[in-house]
Amino acid sequence: MKKTGAQIVVDALIREKIDVVFGYPGGVVLPLFDALYDAEKVKVILTRHEQAAAHAADGYARATGKVGVCIATSGPGATNLVTGIATAYLDSVPVVAITGQVATPILGTDAFQEADVVGITRPITKHNFLVKDVAELPGMIKQAFHIASTGRPGPVLIDVPKDVSVGMVDNYEYPSKVDMRSYRPNTVGHIRQIRKAADAMADAKKPLIYAGGGIIISGAHRELLELAEKTNIPVTTTLMGLGGFPGNHKLFVGMPGMHGSKAANFALQQTDLIVSVGARFDDRVTGHVASFAPNAKIIHMDIDPAAISKIISVDIPVVGDAKNVLAQLNKEVRPRRANGWNKTVAGWKGKKLFDYQPSKTEIKPQAVVEAVYRATKGKAIITTEVGQNQMWASHYYVFTKPRTLLTSGGLGTMGYGMPAAMGAALAIKDRPVIDIAGDGSIQMNIQELATISLNRIPVKVVILNNSYLGMVRQWQEMFFNRRYSSSCLRDGVLCDECKGPGKCKHVYIPDFIALAKAYDIEAFRATKPSEVDAVLKKGLAVKGPALMEFMVSKEENVFPMVPAGKPIDQIVEGQ
Amino acid sequence: MSTHTISVFVENRHGALSRIAGLFSSRGYNITSLTVAETEDPSTSRMTIVVAGDESVLEQVVKQLNRLIDVIKVIDFVKDPVIDREIILVRLDATKSTRHEIVSLASIFGGTVAAISPTSITIELTGTSQTIGDFISMVKPYGIKELVRSGKVAMAQARK
């Protein structure tokens, strides 16, 4: 079949079962958008900024497990994708980014809107391609989808010069299979290693399961639950792993690390065996590495051999996909009875994993998250921005199902939540999709209110407005002698005599309610604790998008907290 | 610190070299030398990389190299005996009176004359890094006009 490069891309998207793409047109990518104009099976969502297109593709991918696709033009279009691609890379999210590029004869001449996007994205993609000849295009797209979605998933970028997208292939055929001699990820665990792991688990007196985002990516939540219940081993999951194990299970001890629960951090420091699966011992988890889990033997199950012994020296490495490896392990492990260790851990856990000082006069941000949980009966998909909003969402919403918390854990990207919620809401129709945001983060991609409004994407935005970059302010309070340098969002020309939070002369800008209305989005504000439930009820009842703003206590901090670089049992409990 | 010689088989494609070089630079690993050329199979290139670092760092290097999509195989010659060679071209100041001396010195090392002019002589020499180093220090007093050194190529010794 005769097809142009642009038509080949569209046909490939259809064959890869991509029903929605997020993009922004421009000069050299116009042939592709022209081909998409006729593609009934592929819906194109025009975002208002390319960064949002990348995050939306990422949100779509995290919510569904399918590959998310974003499209941008060359130069600034492509560089605007960079933050979104890096976000997907650090959290191992399958995204295919397609960028236009100047025509091959003028590559490297500093042509209009030319940037070496393959060079720029090399360290933040799993792989990338510059297509130099239209004949290579079908194979490269097939490989791109294969690489993005297999092994440890990640973003793949395909850079398509203009002469390639208008170039013609006479007998086009989309490859049905991929065989790459240099890429064959190992997905099944070595049985000898699995048996060693089972033996170590039988010998351990104080074992702890430490599970990460790999559980969710591979769909291993049932296998994880079976392992935990069979062995009665307490479970901590990382931020990326929340929802991979029921947050209301008696064996669950919360997430570990800088803002982890006391139970998880104490358990990690005292355990004699860490059973790690699909987690990577990130520095926000380990704290001071040399004093991390001093008494523990470590089993590390991961699909990425390079993740093993990268940070922490591992005793029993197992390379493979979490679902396969846990299924293998479940056949080998011996049942274990709850013992004194379980009691100790349960003691640390207490009645609640996280707690705060309630208030009758001020809206507490934590109380808003709890109210969101009650109002949605725990059935929502929650996206977050980054900062205090992200930590409160992770502490006070109880995640019981995989793919229900979409958050930028690795890169920590502010502005992620709303576009990611767009992507998720376009794919998942039977659950509310809620972005829990701070008033700082939400402004980083606020322009997407237009996308949400015009496409009637039912995203609900919950803004916890404390008029600060709250996490920055918290660090400045704790480590910089309360010098709130550039963290107050009311800061302006009248601030010469700052009298502190709540006493300032500036009104808050923008008025989010008026702003939402300007975008034709229904919006509601709560200023008193008594208004919280009513505002949520109204906002969630809206059929399309809605924005809810909660004027929360200004100097609330996220606790517990382990100061950066300290051992994780040196917890500051606060208030 | 120890020094490792690593062979990397990669797809012979544009961008493969910069991916590998980028991997080293982004992690702060310093490449001591790197050579690359096509193998008997034109779709595969073989690189020999010499890199210095802690054992744990080098273990990471090998894992990270394996992780690159274009990389087919990585061999770290840490335990196996290897055959390794470098080549140099060195142009020395040479007059009628020193020319013979230089040629006979080169021949002791197995070097040959690559070019000659009224004021200089260019020697070509292949050998281990040690041999090359020794030769350079021997000829230095004659005056080195220009020197180019290839970096190491290496393969494992045949099993007996």
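Labels below follow one simple rule: chain letters A, B, ... track the order of the sequence lines, proteins then strands, and each chain is numbered from 1.
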(Q) Taking side chain to side chain donor-acceptor pair (under 3.5 Å) as the definition, give me every residue that meets it alongside His288(A), ordered by chain and number, with sequence neighbours left out. (A) Ser291(A)
**Q.** Max heavy-atom pair count under 4.5 Å with chain A, selected residue of Ile72(B), Ile69(B), Leu68(B)
**A.** Ile69(B)
Q.
Any non-hydrogen side-chain atom of Leu58(B) less than 4.5 Å from a side-chain atom of Val62(B)?
A. no
Q. Salt bridge (Lys or Arg N to Asp or Glu O under 4.0 Å): which pairs involve residues 97-111 of chain A, sequence neighbours left out?
A. none
Q.
Atom CE of residue position Met180(A) - does it have more than 12 heavy atoms of other residues, nucleotides or ligands inside 6.0 Å?
A. yes
How about the chain A/chain B donor-acceptor pairs under 3.5 Å, what are they, with distances?
| from | atom 1 | to | atom 2 | distance (Å) |
| --- | --- | --- | --- | --- |
| Arg122(A) | NH1 | Ser18(B) | OG | 2.3 |
| Asn128(A) | O | Arg19(B) | NH2 | 3.0 |
| Asn128(A) | OD1 | Arg19(B) | NH1 | 3.1 |
| Asn128(A) | OD1 | Arg19(B) | NH2 | 3.1 |
| Arg181(A) | NE | Glu11(B) | OE2 | 2.9 |
| Arg181(A) | NH1 | Thr44(B) | OG1 | 3.1 |
| Arg181(A) | NH2 | Glu11(B) | OE1 | 2.9 |
| Arg181(A) | NH2 | Ser43(B) | O | 3.3 |
| Arg181(A) | NH2 | Ser43(B) | OG | 3.1 |
| Arg181(A) | NH2 | Thr44(B) | OG1 | 3.1 |
| Ser182(A) | OG | Ile69(B) | O | 2.6 |
| Asp304(A) | OD1 | Arg67(B) | NE | 3.3 |
| Asp304(A) | OD2 | Arg67(B) | NE | 2.8 |
| Asp304(A) | OD2 | Arg67(B) | NH2 | 3.1 |
| Pro305(A) | O | Lys63(B) | NZ | 3.4 |
| Ala306(A) | O | Gln60(B) | NE2 | 3.1 |
| Ile308(A) | O | Lys63(B) | NZ | 2.5 |

Q.
Consider side chain to side chain contact (heavy atoms under 4.5 Å, CB included). Of Asp58(A), Val67(A), Val156(A), which one does Pro94(A) pass it with?
A. Val67(A)
**Q.** ring-ring contact (aromatic ring centres under 6.0 Å, His included) partners of residues 102-124 of chain B, not counting sequence neighbours, each pair once
**A.** Phe109(B)-Phe135(B)
